[in-house]
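One structure is given below, encoded as C-alpha cells.
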2 protein chains.
Amino acid sequence: MNIGDAAQRTGVSQRMIRHYEKIGLIPAPLRRDSGYRDYSVADVNRLRFIANARDLGFSIEEIGELLELWSDEHRASAEVKALALAKADELGRKVEALAAMRASLVHLARTCHGDDRPECPIIDSMSGERTAMTFEFAEDD
Amino acid sequence: MNIGDAAQRTGVSQRMIRHYEKIGLIPAPLRRDSGYRDYSVADVNRLRFIANARDLGFSIEEIGELLELWSDEHRASAEVKALALAKADELGRKVEALAAMRASLVHLARTCHGDDRPECPIIDSMSGERTAMTFEFAEDD
DNA sequence: ATAAAGCCTGACATCATGTCAGGGTCAAGA
DNA sequence: TCTTGACCCTGACATGATGTCAGGCTTTAT
C-alpha cells in the first residue's frame with residue numbers, strides 16, 4: 001500500500017514515516033517503478049507499535065530497543081530477558097508516578113465545588129509561599 | 001539561592017531553568033546587584049513540579065495548564081475542576097496503557113527461556129488498531 | 001486527455017535541550 | 001590584597017522530532 005494509506009492506518013504522519021525510514025527505525029520498503037514506497041502489513045504493525053510507544057512517552061531510541069526485543073532473532077535470549085525486565089521495571093515506576101499524579105488531580109477536582117464561586121481549597125493552600133505542593137508524587141528528594 | 005543550587009535541587013538544568021523563565025513557565029526571579037538570579041523556595045517547588053511532570057510525559061504546554069490549576073486564584077472553580085478531571089482521565093488511560101505494556105514485557109521475559117526466539121505477546125498487544133491506547137490530547141476531532 | 005489527488009525530495013521552521021565561548025563575580029587561601 | 005577556581009550571564013550553534021510548503025512526477029477518475 002502507499003504511504004498515505006499507511007499513514008492513515010497507523011496515525012503516523014507521512015513525514016514521520018519517511019523520517020523513521022531514514023533513521024533506520026523501520027526498514028526501507030520496496031519501491032514501485034514509479035518510485036512510490038510500498039508498505040506491507042508488517043510495516044503497518046511496526047508503525048502502529050511505534051505510534052503507541054511514542055504516545056506512552058518512549059524515546060525513539062528506547063523504541064528501537066523495544067523493537068529489537070522481538071526482531072533480532074540472533075540475540076541471546078538472556079540479553080533479551082534482561083532488557084525486557086529493565087524496561088518493565090522502568091514502566092512500573094512510571095505507572096506509579098502517573099497513578100499518584102492522577103490521584104492528586106482527582107482529589108483536587110473533588111475538593112472544588114465546581115460552581116461559579118472561584119474557591120478551591122487546594123488552590124488556595126497552594127497559592128501561598130509555603131505551597132510545598134500537596135502532590136507528593138515522585139518525591140525523590 | 002543561585003541557579004546552580006536550584007538546578008541541583010530540582011534536577012532541571014540551568015539551561016532549562018533559564019529557558020522556562022524566558023517562555024514564561026516560571027516567573028523571572030529577582031536579580032542581585034551582580035545580575036545573578038536569586039531563587040526562592042516557591043521557585044524550587046515549581047521547578048520540581050515541572051521536572052516531575054516532564055518526566056511523566058507532559059508537554060510544556062500541558063504543564064503550563066497544570067500549573068495554572070493551582071496558581072490562578074481568579075479562575076472559576078468549574079473550569080479548574082473540568083481541567084483537572086480531563087487531565088486525570090488522560091492519566092488514567094496512560095496508566096492503563098503503560099501497565100499493559102509492562103505486563104507484556106514481563107510476560108515476554110518469562111517466556112524467554114531457551115535458545116529459540118520466544119513467543120512475543122508484545123506484537124499482538126501493541127500493534128493493534130489505535131483505539132484503546134490513544135490519547136486525546138494528540139487528536140482533535 | 002485533463003484535472004484532481006497522491007507521491008517524491010528537499011528546504012525551512014519550531015520546540016526542547018545540550019554544549020561551548022567570551023566575559024563578569026565570589027569566596028577562600030597565599 | 002591578589003590570585004584562582006568555581007559560578008553566573010548572555011548568546012550562538014547543534015540536534016532530534018515534527019510540521020509545512022514548494023516544485024515536480026504519477027495515478028486515477030471523469
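The basis for the numbers below is simple: all heavy atoms, side chains too, and nothing from hydrogens, waters or symmetry mates.
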Take A:I17 and A:I26 through the side chain to side chain contact (heavy atoms under 4.5 Å, CB included) test and state the conclusion after the steps.
-> CA-CA 8 Å; A:I17 291 179; A:I26 57 173; 4.1 Å; yes
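C:dT19 atom P lies 12 Å from atom CE of B:M16, rounded to whole Å. Taking atom CG of residue B:D38 and atom C1' of nucleotide C:dC26, one finds them 14 Å apart after rounding to whole Å. A:I63 has its CD1 atom 11 Å from the C1' atom of D:dA17, to the nearest Å. A straight line from CG of A:D5 to P of C:dC7 spans 7 Å, rounded to a whole angstrom. One interatomic measurement links the two molecules: CD1 of A:I17 to P of D:dG19, which rounds to 11 Å at whole-angstrom precision. Across the protein-nucleic acid pair, A:D33 atom CG and C:dC7 atom C1' stand 15 Å apart, rounded to whole Å. Between A:E21 atom CD and C:dG10 atom P the separation is 12 Å, expressed in whole Å. Straight-line distance from the CD atom of B:Q8 to the P atom of D:dC8: 10 Å, rounded to whole Å.
The shortest distance between the side-chain N/O atoms of B:R15 and the OP1/OP2 oxygens of C:dA16 is not below 4.0 Å. Regarding contacts with the backbone of C:dG24, every side-chain N or O of B:S34 stays at 4.0 angstrom or more from both OP1 and OP2. Close to C:dT9, at under 4.0 Å from its OP1 or OP2, lies a side-chain N or O of A:R31. Between C:dA16 and B:R54, no contact under 4.0 Å exists linking OP1 or OP2 to a side-chain N or O. When the side-chain nitrogen and oxygen atoms of B:S13 are compared with OP1 and OP2 of C:dT17, none of them lie within a distance under 4.0 Å. Of the side-chain N and O atoms in A:Y20, none sit less than 4.0 angstrom from OP1 or OP2 of D:dA17. Within the structure, every side-chain polar atom (N or O) of B:R37 is placed at least 4.0 Å from both OP1 and OP2 of D:dC7.
Heavy atoms only, all atoms of each residue included: B:R54 and B:S59 are closest at NH1-CA, 4.1 Å. When all heavy atoms of A:L25 and A:G64 are compared, the pair lying nearest together is CD1-CA, 3.8 Å. Pairing each heavy atom of B:R9 with each of B:R48, the nearest pair is O-NH1, 2.8 Å. Here the closest non-hydrogen pair linking A:Y20 and A:I60 is CE2-CD1, 3.6 Å.
Comparing B:K22 and A:I23, the nucleotide of DNA chain D nearest to each residue sits closer to the 5' end for B:K22.
Within the nucleic acid shown, A:R32 has no heavy atom closer than 4.0 Å to any nucleic acid atom.
Distance from the side chain of B:R18 is smallest for D:dC9 among the nucleotides C:dC7, D:dC9, C:dA16.
Between the side chain of B:Y36 and the base of D:dC7, at least one donor-acceptor pair of N or O atoms lies under 3.5 Å.
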